[in-house]
Amino acid sequence: MDTRDVSGFPLTLEGDPTPMVSFRKVTKSYGSLVVLDSLDLDVAEGEMVTVIGPSGSGKTTVLRMLMTLETINGGVIYVDGEPLTHMPEGGRLVRANNRHMRQMRSKIGMCFQHFNLFPHMTALENCMEGPVHVLGLSKQDARERAEELLAMVGMAEKRDQHPSRLSGGQQQRVAIARALAMRPKVMLFDEVTSALDPEVIGEVTTVIRKLVSEHNLTMLMVTHQMGFAKDISDRVCFFYGGRIEEQGTPDELFGNPQKERTQQFLSAVKEAG
Amino acid sequence: MSYFEFLSQYSDRIVSGTFITMALTVLAALLAVAIAVAAGLIRMAPNFAVRGVAMVYIEIFRGTSLLVQLYWIFFVLPLFGITLEKFTAGFVAVGMNLGAYGAELVRGAILSVPKGQWEAALALNMSPAKRMRRVILPQAVLIMLPSWGNLLIELLKGTALVALISVADLMFQVKQINGTTFMSAEAFGTALIIYYVLARFMITPFMRWLERFMMRKMGRA
């Protein structure tokens, strides 16, 4: 079977409401290792979906594909109704060109486990870089936007510091502000607290909680913080072996998991935590 | 004749030769940096044919003798209608040769910028050119500066070869002085000291300063 054949997929998603993000039979493999196996996943506008699962279950790959950091081997991803790495041409879907990819990528923002702030720029410059050099904002406008966001994440006072002078928690908060400065419709959080010391995890989760309660952003988050996931998610997906083994509301999934693998994973995590 | 008398009699020529050597070094260094950045970037192009151009360049200029390259540029190119004045031929040969070594430094430094930086720049939707210019290169510069310090010292010493096409640099002047006075130890000893002083007390401190300057820009000082 040719998994690259996308002739059966719609050119765009219609219907009301259209999911903000939609994975349709998405496959990813490295050689013979299948990381994602025909994944179907819809995320509604404004929804907060958390992905949990053992390492190697493909959960980070979901986010990385959505950010176009990984190519996809089969299926189609739609963002805001339009195909992400494909585009309609002559009545069928073809591989997207750079222009289409950049247009689609502008809808998505991502925060990483290791923050990945630009070390040669101050916190403020990190947050102005995209708006000035990608969106074409004036320096004045970009600065106002960046200062507002840095204030929102509680980093206004450290705006002139370089990342090397900031703690992990502070760096991650700047990274969130940097991603938000691009005004994405979808925000991706890839294990954003995993590299942090326990005592500073709270300052990052507080910011994410604030985003959930005050903004209508669509969010996908990979995390190992089960308590946090339970508190803020609309839906939790448990990944196992490249598939969604089980999904549901936090209450359903954490309170009454149906599948044995989910139960095993949750009790193992509880044991460790 | 004492060494003091030797110096007072020939210092004019030694000084003028030293200035020519310094000028050659600066011009060759500028050319080498430009070539290194260009060839280093082209060497990483996605297209094989484009990449091939840089690979061939680097192979030829690293794989053959600088002296032979110098003779080619000065004696052979005129046969193809390209005639360079000897001073120009001198710094062009040295610059092109060291630029080939520099290209590998540039490439290595770019590759050693953490992958997360590329990903963050892509996540901000920066174009490939902006990613390189605004995010990767500034960090690569800091990584490669120490190796460039070595390369520039090599470059300075390499300029001595241009004496062989009669550019009146330091080496050429002391050879001439030796030819008329036969004071070999004094003549070549002076050259030895001057090359060492240029390398040790001009290039090295300059590169250290540049490193500190770049570190400060990165907020690491």
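Reminder, nothing fancy here: chain letters follow the sequence lines and each chain counts from 1. Only a predicted model underlies this, so the values are computations on that prediction, with no experimental measurement involved.
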When you look at NZ of Lys158(A), are more than 12 heavy atoms from neighbouring residues, nucleotides or ligands closer to it than 6.0 Å?
no
Tell me, yes or no, whether the heavy-atom count around Glu85(B) atom CD, taken from other residues, nucleotides or ligands under 6.0 Å, exceeds 12.
yes
Does any heavy atom of chain B fall under 4.5 Å from the side chain of Arg64(A), the backbone, both, or neither of them?
side chain
Is it true that atom NZ of Lys115(B) has more than 12 heavy atoms of other residues, nucleotides or ligands lying nearer than 6.0 Å?
no
Can you check side chain to side chain contact (heavy atoms under 4.5 Å, CB included) on Glu119(B) and Met67(A), steps first, answer last?
CA-CA 9 Å; Glu119(B) 295 184 344; Met67(A) 193 66 258; over 6 Å; no
Given that the side chain runs from C-beta out, which part of Gln161(A) has a heavy atom under 4.5 Å from chain B: side chain, backbone, both or neither?
neither
Take atom CZ in Phe206(B); do more than 12 heavy atoms of anything else shown fall under 6.0 Å from it?
no
Need one label for Thr122(A): side chain, backbone, both or neither, based on atoms under 4.5 Å from any heavy atom in chain B.
neither
Is it the case that more than 12 heavy atoms not belonging to Glu148(A) sit under 6.0 Å from its CD atom?
no
Heavy-atom contact with chain B under 4.5 Å, split by part of His114(A):
neither
dist Met110(A):CE -> Asn125(B):CG (nearest 0.5 Å) comes out at 14.0 Å
Looking only at heavy atoms, which two atoms of Ala120(B) and Phe118(A) are closest? And how far apart?
CB-CE2, 4.0 Å
Is there a donor-acceptor contact under 3.5 Å from the side chain of His133(A) to the main chain of Arg131(B)?
no
Would you say CG of Asn47(B) has more than 12 non-hydrogen atoms from neighbouring residues, nucleotides or ligands within 6.0 angstrom?
yes
Point-to-point distance, once rounded to the nearest 0.5 Å, from CZ of Arg134(B) to CD of Glu125(A)
8.5 Å
Under 3.5 Å: donor-acceptor pair, side chain of Asn116(A), backbone of Gly116(B)
yes
Inspect the surroundings of CZ in Arg102(A) and state if more than 12 heavy atoms from other residues, nucleotides or ligands are less than 6.0 Å away.
yes
If every non-hydrogen atom of Phe112(A) is compared with every non-hydrogen atom of Ala123(B), which pair is closest and at what distance?
CZ-CB, 4.0 Å
Would you say the side chain of Leu142(B) lies within less than 4.5 Å of the side chain of His120(A), judging by non-hydrogen atoms?
no
Under the criterion side chain to side chain contact (heavy atoms under 4.5 Å, CB included), I'd like the reasoning laid out for Met182(A) against Leu124(B): C-alpha separation, chi angles, the key distance, then a yes or no.
CA-CA 7 Å; Met182(A) 301 300 284; Leu124(B) 287 183; 3.7 Å; yes
Do Met121(A) and Pro138(B) come close enough that some side-chain heavy atom pair is under 4.5 Å?
no
Interatomic distance, CG@Leu122(B) vs OG1@Thr68(A), rounded to 0.5 Å, equals 4.5 Å
Heavy atoms only, distances under 4.5 angstrom: which of Met214(B), Lys130(B), Met126(B), Gln117(B) has the most pairs with chain A? Name it, please.
Gln117(B)
Cut-off 4.5 Å, heavy atoms of chain B, and the answer for Leu117(A) is backbone
Within 6.0 Å of CZ in Arg200(B), more than 12 heavy atoms from elsewhere
no
